[in-house]
Amino acid sequence: MTQSHDQHTEHIAVDDPIIEVRDASVTYDEGTSYVLDGVSLDLGRGEILGVVGESGSGKSMLASALLDAVPDPGLLSGTIEYHPDSGAATDILELDTEDLRALRWEEISMVFQGAMSSFNPTMSLRKHFVETLEAHDEDVEAGMDRAHELLEDLYLEPDRVLSSYPHELSGGMQQRALIALSLVLEPEVLVMDEPTAALDLLMQRSILLLLDDLKEKYDLTMLFITHDLPLVAALADRMAIMYAFRLIEIGQTEEIINHAAHPYTRALLNSTPNLDAPLEEMRPIEGQSPAPINMPDGCAYHPRCPLAEDQCRTEVPDFHIVAGDHGSACFNWRESYDEIELVHLDDGERAIPEGDRQ
Amino acid sequence: MSEPVISLENVEVHFENERLLDFGNDPETVRAVDGVSVDVAENDVLSLVGESGCGKTTLGKTAIGLQRPTHGSVKYRGHDIWEIREGNSDADLEWSDIRTSLQIIHQDPGSALNPNRRLLSILSEPLRQVNPDLSKSEKRNRIYSLLERVGMNPAADFADRYPHQLSGGEKQRVALCRALLMNPDVILADEAISALDVSLRVEMMDMMLDLQAEFDTSFVFISHDLSNARYFSSHGNGKIGVMYLGQLAEIGPAEQVINEPQHPYTEVLRWATPDLSLDDHGEMPMRKIDIPDPINPPSGCRFHTRCPKAREACTRANPTAYEHGEQRVACFREDDTHEYWDSPELTDD
Amino acid sequence: MNSYFVKRTGRAILTIWLVMTLTFGMIRLIPGGPIEMLRARLIRQGVDPSRIDAIVQTYKQDPTPVYVEYYEYVTSLLSGNMGQSFYYQEPVSALIVDALPWTVFVMVTATILLFVIAILLGALMAYHEGTAFDTVASSASILLSSIPFYVLAIGFVVVLSYQFGLFPARYRVGPGVEPGFTVQFLSNAIYHAALPIASVVLTQAGLQALAMRGNSIQVLGEDFVRVARLRGLSDRRIAVRYVGRNAILPMYTGFLTLIGFNIGGSVILEQVFTYPGIGYYMYQALINRDYALMMGVFLIITTTLVVSVYIADLTYGLIDPRVQSGGQSEAY
Amino acid sequence: MKHTESDSTTSNEFEFGTTGSDVEVTTSERLRDIYEEFVYKPGLVAWDDRRTRIGSIILFAYVLIGTVGVWLYEAPATNQDPRSLQPFEQFFVAPLGTTGSGEDVLAMAIHATPAMLIMVLAGGVFATGFAVLIGTVAGYKGGATDRLLTTFSDIAMSIPGLPLIMVVAIILSPENPAVIGVIITINYWAGLARSIRSQVLAIREHSYVEASRTMGTGTTRIIVKDIIPNIMPYVLVNFANAARYVIFAAVGLYYLGVLPTSVSNWGIQLNNAYKQAGALSGGGTFYQLLVPMAFIMFIALAFILLAQGMDRVFNPRVRTRMAGESKSESDDDTDTAAPTEVMN
Amino acid sequence: GGSSSGSDGSDGANGTSGSGDQVADVTHVGYTNQVPTQIQYNPSNPTSYAQISQYLLFDRFANFNFSRGGFVPYLIQDWELQNDQNRFVLTLREGVTWEDGDSVTAADVATQLRLSMLSGGAIARYTDDIITEDEQTVVLNLSTQVNPRIIEFNVLGQRFMTQKQEIFQKYVDKFDGDEEAAAKQLRSFKYTDVVASGPFTLEEQANQQLLLSRRDDHPDSENINFQNYSFRYLDGNTAVHQAIGAMNVDSVFSVFAPPNVVESFSDAVQMETVPSKWGYGLVPNHDHEHAGDRAVRQAIAHVLDRKTIVQNVGHTLKKVPPIPVGIPSDDQKRWLEDAYSDFEDYGPESMQTEKAAQILREAGYSKQNGTWVDSDGTAVKLPVTVPSGWSDWITATQTIVDQFNEFGFDASVDSRNFSSLLGTAWPNSDFVLSAGGWLPGGGRAAFPYFSLQHQLIENFRGFTYNYGPAASSRGGTQSDVTVPSRTGSGSMTTNPNERLTTLSETVDEQKTRDIIVEQAWVTNVDLPMIPVMEKQEQTFLTTDQWDVPEQNAVVSQVRWACTWLPRQGELKYSG
Ligand SMILES: Nc1ncnc2c1ncn2[C@@H]1O[C@H](COP(=O)(O)OP(=O)(O)OP(=O)(O)O)[C@@H](O)[C@H]1O
Ligand SMILES: Nc1ncnc2c1ncn2[C@@H]1O[C@H](COP(=O)(O)OP(=O)(O)OP(=O)(O)O)[C@@H](O)[C@H]1O
Ligand SMILES: [Mg+2]
Ligand SMILES: [Mg+2]
């Protein structure tokens, strides 16, 4: 088959999106450097979408963009449509200050990278909860009951935690308290930007488990950002891979893990230490990802890509539909199956079930 | 086997913390390391894993003589290093010899290198210590060759840079070079790869393993990630030690610890280690998420507050290490005749 | 009792005692004693030389060994007696009781005022970072800080007091104003303190404002401020509880230290304004070699300084919840 | 010891890299390096910042006045010109007027400059040098050394500065400007030492310091190579602050008449104008106050500007970015690193 | 009270205008530089003794008028040296009373003189005892012959009728026992609850002012047509300048106001100056190889341009002494009379470099590379020591140093702490030339005996004075001096110590004058001290609401016009 037969598309759609991101870009330095470059993405209602990418690839920008909270002086363009349970869709970027304030935390909430710095160090946690409730004109008593329940769900002792100052809690506790804080207004969507990056694995895994429970209990939609691919593998329904400020691959988790079609994704999978995989075949990715001010033309991965061709150097690839809702922004996604073996799979699994792939 | 390079015997490290404006309380004692015995052989790799705050760093630093143990002994090739330092030993070893033989690579690449010195200057420092007679050009040549060896080409260009002009991975490589230039017997790699991007970790570990073979150096490798520890220890034919609250829960050859974990805590760590398999890891094999306060560690077996298999007996006595093949495991379950088996299971209510 | 508290208190007392001893010794090294200064004064008054000799003769005392003098000084100090001023012929404690409130009034008011101004201005500059307002305010802050307070004070005296007669140039209150809690007295006292206070405030607020600006900008960049915005908190609350509180905290110790520092600086200020406070007496004591008074004033200024740092150290933990553990550091 | 083989290989491998003239190159290279490190790049960065640029220009002007100026401009003497000339009255005789005894006011101010500069330098060097010594040793060594030195500086800090200086100045009646500078900073260093200590406490937690210790590097070398360069920006900023303090205090003491009046000084000029020439009482001698005031303010301004702008200069990030070595580093605006604890 | 001086802004002299003999309820506002609450009136107590208010509260014995060069009788209406000069008889004015109603009697005067005698006053040296002849007459029985002018100055000068017998007799009695204890008690007694003898009584001692109110029953009361006199506390010259400039005060005494400040005052401010009989001169270290050389001293005197120095310091403040001699400027002509023209004036208004150079050359000095060196080739180095902080003296010194340097002496300003001058430099002669007073100060100095004594025998500071003829107790050797004789050729050798003793004991007027001329000549030639300028005391009177005599009137030539004129009916409220 030749590439011309490939189906390609600007974005991979889902059935019942709660958030539709279209061509979201963030620029600094008066438009000269893109730190988020034309990202289009659907977040399905009730799903957990894992976003993976190496440090500096624009993950946090994407997360901030969802709340129209890109740090100054960044400029955010594109559209981000929010579809509430009932009622009309709104473009978040068009909202006025008051509506935006209502949307944030009440509809879409966020947990930041680094809980340690997300709390005001001079205020007790109870204050944080109370002031959040007050700022949104909620009933404080009912809200605090909710907070107690949330904290208990997160394996914390509510009274002790609430009367503490942030620094009196361990990192893991702070992170869980922050999750509770972000859920206290019962939002629909929870955006989590590397909520566990600073924690050790045991705590990360435990929190992930709790998140899964919370998602069920509170009927949440989650966007989970991490640079640690295996971490989300067990949690996420779908996964999106980011490289150099762009989305380069998206699909069901199983698809990504077992049938990743982008050379970068495959390399990333191969460089991930894994308890079960044979040791010999793990390979690091050579080279470094580009900085926003000197992005290469064409596919941003081409300087590191073993499959790079002329076309890659000049054209930015769209999503090529690999299978169903699995899209990969690579001209040579087919070749990558042969050229880059996934080391973590058993030999049998490595073959491409040809029939499924277009 | 030959005599171990370092051997720790029943090492304890306690820190006393004074608290401000805290009326009436005694100073608090953190038992960061509490009775650990372990050996590091020539050309060995020992990985220490465990949760944050369990005492890995403290144990590692104690092993290389950066931290003075409050109890127990740390021996370098059979001689107590603190006695040598104090001059109380009749061994024909100088403290400075020991000092140069035990080196460290830290976790944070950002603070591992003095931001005010160029790489050449940073890397000259170890040579200055071990080979003060080398001429400037000889020093430079050695540095260049080692830089190239760790893949930093062109070396001359890199040597002229400041640390902030390097990526995190490159900084860690320089830190590795610095340790290697000391020609050490043991390098403590304290989370040396944790701060790096996932994609760079393997590369860094490979590099260390290559050089371990080449320079005949032993590594004490600290990580909280079991899969990294496995990668490192397995390749280096070494051991993995699992720490919990200042004590060694389990220690043994890498593949055995990974594949046949004996201690319930090792299983917990295994559970927590992410992998690319899609099947559910299942229920959390722990009764509580948070690690107990190291100031008031639980009585008996330290893990009993979280251990899913804990029984009443575990609250009473602290298990000693049981041999299990090449592994050593601190759990009563190793002793088929222990009263553990007869005591009731612990529940949280 | 808490050991830190005990240690800190012990150190404060030790400090005061050491400074007292040091001063005691140092003052005795000053060339020319009170008697010589008395002689000089009498000569200038045109008193008959033979009478001067007679007077001076009667003041001469048998030389006591320094350690005896020291012992006597310390013991009488412990019973609250600071000795007799040779120049003013009054108990030192009476002079200090008379003068200290005025100095404290001027300097504490000035320091509080300058911090309030600095905090407000600094916060405003930070919020408007990069705007023309920021540039102008920063430049003005720097310019004002380059004026020594006494130079501004002299300028004030020349222009506002002498040229335009808007403010009194000297004294704590006007003639005929009787002390008491009367409106007249209080307003008169404020009127007289206005220029001294203004010269301290104007010359010192700038740097503090810049510090506040820096702190605020730093805090504004903190994640918790961002999160607070996302949480929908009002701007006012963020400005006060989040940015303000955290930016002011690092200035707290500086505030108390500056009070002590300024009380020391009153030596020059009160001279310029002929404001008989502690600093004024310090200078008088110095030029008249009035040992007892000098010691007394020195001791009082030292004590204020030590006490303000002591308070700062002890209360910082209460104000900043993060500071809980006294630093324990391993010796290398 | 162990890897002798690799030793030989490395030296062989890089034989071609070693040129015969290695040593000479090193010397001249080192000179070039020193120039680059300490003159060119800091200069470049300093120049880039408006504050340091203006500050340096002003300071340079003072240095010129203090060196060339005193040589070009006739020294003040009584009756060198007509008495009580107003400024600009006879511009070519005495541009800024004369005193009641016919001294050129500008000449007095100019000829007071060299002593002032020496004072500032001596005071600044003493205050910062001593503070660095005490602060780094206390912070780095910790333990009993730390307790001793900290108590020492705490006590020094608790002595009221100005009164202490006045007493010492009267005891010693110093005339040498360098000595005066040191006396003025006799306890100024203490606060600085305390804050340097706390910075060192943080710095010594950096892993490269521990790495140096692990290599067996001596304490002195660690302090000099690993610690001091890190506090250099802070020290320089505080040097400028100390300099300003020296000016303020010295002028104040001269104004009060506590220091010997044999030398000329702006403070003495102030005093004379204020107390003798009747500048207050509308005798038309206000200009005699203004000239020394301006001299004091501008040099103080220079030091504030330098202090405010200077912490960038020795920051290697900014330095290399300016020198065009690295392009990718983000601008971390060091503006925000204003000192939090400033004293008059 | 009737004080109208409520605030800084108001003029003290408003209120109902009095006409004719009526007493206006106004306050004349003067000034004091002492903290009012601390002022006390026991003249035997040196601390915080009043400096101005006692002039109104107490009657002075007699007042020295500088213009007349003699005492004007006041409380002591008449005095006479009689009975073969062994009695000094004082006669009191009639009708003077204490404010408690008692008359001021001879017993009071005697008490005060006795206390002075007992506590070491100068009269003790020649007084056997003091007796009261009757209510109005006091007699001093003298032990030796004394120059009557000396007695006058010692008994009448600067003495106020303060020590009422009723209150102070007990101290006299105490001297019978333990003298030291008595002296100490007397010295520490603070006389604050005063019983006035003058035309005013002390009404109030407040923080900022002393308030005095008029007494009806003083003989001079009728001369005073205003009710109150207050002394406002003003600290420092500038405060005074401002007060008088804004006419917030009605008069000030003894203030230091340079010409430009005086010029800035309104026309309604009138300045009176009186000589202070004290002033800046150069005191050489006579043991110094150059300063001890008469030729160098003469050269110095020639080099100095005294007029320029005075101009630099301020002509309102200082006066140029016409000739450098041990007699105050105003009194030189009066005492030297015909001999005046024989005296060398050393060029008061110019630098006589020619003459100076000639003198030096004759004495073996020469000029090399612009600097004078002595015959050994040692440069003439003349650092001039001056107390730091005395700004007028420093200005003068600076000018002198500049003139020296211009001439070719290697001179510099050596400013030192006053205390270190007092403590070490002066006692140890650790200087080359020191700024110092060339006159002893006070009205006394108008009698050349005192000023010559000061120059020739004992530097008044009571420290080492190593001039040859000086008293041996001071470091001198009481040696003779040889100077060229005043008239024509030849030289004259004299022993100043002996001659001045003679002067103090003679009652013969001609002899007195002869010795004065002779010893003045010695000071003029040998220059034991080099007079530079004489201080002027300034008093300011406002004329907008007060009638005062015209400027420089003879009656105003006293210390202090502002307190003397009211008694004389010469300062009246005019509305
Ligand atoms: N305020 C800013 N101004 C300019 N560039 C910025 C700013 N904040 C972030 N960037 C740049 O935007 C790019 C994307 O940043 P982002 O924080 O989204 O990365 P990330 O994927 O979240 O990385 P990490 O895993 O390190 O958090 C980076 O290159 C970063 O340098
Ligand atoms: N210098 C010290 N003073 C006091 N307590 C200390 C000190 N160093 C470590 N501790 C305490 O000792 C315990 C063990 O610390 P250690 O750093 O060895 O843990 P770790 O296993 O390395 O943790 P991590 O994975 O977070 O690095 C912790 O509770 C820590 O707080
Ligand atoms: Mg991020
Ligand atoms: Mg650690």
Side-chain angles (χ1 to χ4, degrees), chain A residues 60 63-64 66-73 97-125 127-138 163-169 174 178 181-185 187 191 193 198, chain C residues 119 123 125-134 212-213 215-255 312 315-328:
Chain A
S60 298
S64 312
L66 293 181
L67 282 91
D68 192 12
V70 171
D72 287 336
T97 328
E98 264 317 299
D99 290 340
L100 190 60
R101 222 172 95 161
L103 176 102
R104 290 173 178 169
W105 229 258
E106 284 176 39
E107 302 292 336
I108 308 177
S109 194
M110 182 156 175
V111 177
F112 275 101
Q113 192 167 1
M116 291 55 177
S117 55
S118 296
F119 290 109
N120 183 348
T122 56
M123 254 170 43
S124 72
L125 280 136
K127 277 246 174 64
H128 283 87
F129 279 89
V130 171
E131 66 177 7
T132 309
L133 291 165
E134 281 170 352
H136 291 270
D137 302 321
E138 294 265 330
S163 57
S164 304
Y165 282 97
H167 72 275
E168 291 169 337
L169 301 178
Q174 284 187 35
L178 186 60
L181 180 61
S182 67
L183 293 178
V184 74
L185 297 179
V191 178
D193 184 1
Chain C
I119 282 166
M125 288 195 281
Y127 267 101
H128 301 282
E129 193 199 346
T131 61
F133 166 77
D134 181 28
M212 178 66 190
R213 173 182 179 273
N215 292 350
S216 303
I217 288 175
Q218 206 170 343
V219 175
L220 278 172
E222 297 279 351
D223 280 349
F224 61 79
V225 175
R226 230 183 123 205
V227 175
R229 285 226 179 83
L230 289 182
R231 271 161 49 212
L233 304 191
S234 69
D235 286 348
R236 236 182 76 87
R237 191 175 177 87
I238 293 177
V240 177
R241 289 301 309 259
Y242 281 71
V243 183
R245 177 101 195 254
N246 286 287
I248 291 168
L249 275 182
M251 300 172 72
Y252 174 71
T253 314
F255 167 68
T315 52
Y316 193 74
L318 300 177
I319 287 176
D320 186 346
R322 279 166 298 186
V323 182
Q324 286 280 308
S325 45
Q328 193 236 10

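Keep in mind that this is a model prediction, so the values were computed, not measured. Here is the naming used below: chain letters follow the sequence lines, and residue numbers restart at 1 for every chain.
Of the listed residues (C/Val225, C/Val219, C/Leu249, C/Val227), the greatest number of heavy-atom pairs within a distance under 4.5 Å of chain A belongs to C/Val227.
The shortest heavy-atom contact between A/Pro121 and C/Phe224 is CD-CE2, 3.5 Å. Minimum interatomic distance between A/Ala69 and C/Arg226 (heavy atoms only, all atoms of both residues): O-NH2, 2.9 Å. Counting all heavy atoms, side chain and backbone alike, A/Ala135 lies closest to C/Gly232 at CB-O, 3.4 Å.
Take A/Glu131 and apply the salt bridge (Lys or Arg N to Asp or Glu O under 4.0 Å) test, not counting sequence neighbours, and it matches C/Arg231, C/Arg237. By the side chain to side chain donor-acceptor pair (under 3.5 Å) test, A/Glu106 is found to be paired with A/His136, residues two or more places apart in sequence or in another chain being considered.
Residue-environment remark: CG (A/Asp99) exceeds the threshold of 12 foreign heavy atoms within 6.0 Å.
From A/Asn120, atom CG reaches atom CD of C/Glu222 across 10.0 Å, with rounding to the nearest 0.5 Å. Distance check: A/Ser118 OG to C/Leu230 CG gives 9.5 Å after rounding to the nearest 0.5 Å.
At a threshold of 4.5 Å between non-hydrogen side-chain atoms, the residues C/Arg245 and A/Met123 do not count as touching.
With a 4.5 angstrom heavy-atom cutoff, A/Leu181 touches chain C only via side-chain atoms.
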